[in-house]
Peer 1: 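Dumping the structure here so I can ask a few things about it.
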Amino acid sequence: MRRKDRELSQDEALEIIDNCEYGVISCVDDEGEIFSVPISPVRVGESIFIHGASAGSKAKLLQNGRKVEFVCVSFNKVPHLNYSELEAIKDDGKALGGKVFTTEYKSAIAKTRAYEVTDDAKRYEILKILSQKYTAYAMSTFDVAAEYGLKNMKIYELKIENLSAKAKILPKAVKE
């Protein structure tokens with residue numbers, strides 16, 4: 001990692017995965033083309049789980065230990081200085097670049113290996129965890145949806161082999 005001053009710990013990297021709404025997975029397909037797709041993940045232990053249709057590119061690619069890179073962002077914000085803060089640095093290019101024309105963020109990248117989850121009990125368990133993360137308000141209807149949905153979907157496990165994360169968070173201005 002080039003910016004060691006922004007590097008985060010493994011625990012912080014896992015927290016970013018847990019807090020992201022979505023991520024992007026990428027891998028190289030059998031023809032040497034890059035395949036990337038946004039996904040809705042959930043992490044359990046050292047694995048990231050996702051779901052997808054029974055057919056299509058994900059179904060073809062995410063199995064047999066294929067290398068897959070997962071990228072996610074749990075926080076992203078463009079700073080907004082008030083008038084007096086902006087006036088104080090308006091002639092300082094370095095300060096403008098670091099405090100105005102920048103982005104605060106927390107991001108993680110996981111190098112993984114993909115496997116299809118085939119055990120029915122584990123598929124049900126992972127779908128329930130995914131549903132709890134994204135549709136907690138509707139869990140009273142989960143069993144009906146799962147009975148139908150699991151027939152038409154695959155669940156994939158992305159086993160984390162390497163994990164890195166970084167952040168840029170600007171210090172808060174001190175109010176006088």
Side-chain angles (χ1 to χ4, degrees), residues 1 6-77 103-169:
M1 179 176 301
R6 295 187 181 161
E7 186 173 18
L8 299 176
S9 71
Q10 295 295 292
D11 287 341
E12 290 169 307
L14 294 173
E15 186 177 323
I16 290 168
I17 293 171
D18 293 342
N19 291 331
C20 76
E21 287 185 48
Y22 66 93
V24 175
I25 56 170
S26 298
C27 64
V28 177
D29 69 17
D30 295 334
E31 289 76 43
E33 296 293 320
I34 297 171
F35 169 81
S36 296
V37 65
I39 50 92
S40 301
V42 68
R43 182 186 63 86
V44 178
E46 296 295 315
S47 293
I48 299 162
F49 291 91
I50 62 173
H51 72 291
S54 296
S57 296
K58 277 194 289 187
K60 180 181 173 190
L61 293 172
L62 300 183
Q63 55 187 323
N64 303 323
R66 183 180 298 269
K67 291 181 179 182
V68 175
E69 193 155 286
F70 169 74
V71 177
C72 66
V73 176
S74 68
F75 174 76
N76 184 2
K77 178 184 167 200
T103 304
E104 294 181 279
Y105 63 87
K106 290 183 181 181
S107 64
I109 300 174
K111 294 184 183 301
T112 73
R113 296 249 181 204
Y115 301 90
E116 181 182 346
V117 177
T118 56
D119 177 76
D120 287 337
K122 187 170 183 179
R123 286 169 33 85
Y124 175 87
E125 173 191 345
I126 296 304
L127 183 60
K128 190 168 190 172
I129 294 168
L130 276 160
S131 297
Q132 185 69 41
K133 179 178 179 180
Y134 292 98
T135 54
Y137 75 94
M139 290 307 289
S140 63
T141 63
F142 171 77
D143 286 330
V144 173
E147 183 178 345
Y148 171 79
L150 283 169
K151 294 175 192 172
N152 302 303
M153 78 172 62
K154 291 188 176 190
I155 304 289
Y156 305 99
E157 179 176 10
L158 307 177
K159 294 184 179 182
I160 298 171
E161 294 185 334
N162 183 279
L163 183 59
S164 64
K166 64 182 183 174
K168 179 179 182 182
I169 306 296

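FYI, side chains are in, hydrogens and waters are out, and symmetry mates aren't considered; it's all heavy atoms of this structure.
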Peer 1: Taking side chain to side chain contact (heavy atoms under 4.5 Å, CB included) as the definition, give me every residue that meets it alongside Lys77, ordered by chain and number, with sequence neighbours left out.
Peer 2: Phe75, Glu104
Peer 1: Before we go on, tell me: are the rings of Tyr22 and Tyr134 under 6.0 Å apart, centre to centre?
Peer 2: no
Peer 1: On a heavy-atom basis, which atom in Leu62 and which in Tyr156 lie closest, and how many Å separate them?
Peer 2: O-CD2, 3.1 Å
Peer 1: Under the side chain to side chain contact (heavy atoms under 4.5 Å, CB included) test, which residues partner Arg43, sequence neighbours left out?
Peer 2: Leu14, Ile17, Asp18
Peer 1: To the nearest 0.5 Å, what is the distance between CE (Met153) and NZ (Lys58)?
Peer 2: 10.0 Å
Peer 1: With distance as the sole test, does Ser54 use its side chain to make a donor-acceptor pair with the main-chain N or O of Asn152 at under 3.5 Å?
Peer 2: yes
Peer 1: Checking the side chain of Ser26 only, and the main-chain atoms of Glu69 only, is there a donor and an acceptor separated by less than 3.5 Å?
Peer 2: no
Peer 1: Do Glu7 and Lys166 sit within salt-bridge range, that is, some charged N less than 4.0 Å from a carboxylate O?
Peer 2: no
Peer 1: Taking Ser164's backbone N and O only, do any of them form a donor-acceptor pair with Lys111's side chain (distance below 3.5 Å, no angle check)?
Peer 2: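 Checked: no pair found.
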Peer 1: What heavy-atom pair brings Phe142 and Ser131 nearest, and what distance separates the two atoms?
Peer 2: CE1-OG, 3.4 Å
Peer 1: May I ask you to decide if Pro41's main-chain N or O and Lys133's side chain share a donor-acceptor pair within less than 3.5 Å?
Peer 2: yes
Peer 1: Closest heavy-atom contact between Ala165 and Ala13?
Peer 2: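 The answer is CB-CB, 3.5 Å.
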Peer 1: Would you mind telling me which of Lys122, Arg66, Arg113 makes a salt bridge (charged side-chain N to carboxylate O under 4.0 Å, His left out) with Glu157?
Peer 2: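 The option that passes is Lys122.
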Peer 1: Ignoring hydrogens, what is the shortest heavy-atom contact between Tyr124 and Leu150? Give both atom names and the distance.
Peer 2: CA-CD1, 3.8 Å
Peer 1: How far does CD1 of Ile39 sit from CD1 of Ile50, to the nearest 0.5 angstrom?
Peer 2: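 One finds 5.0 Å between CD1 of Ile39 and CD1 of Ile50.
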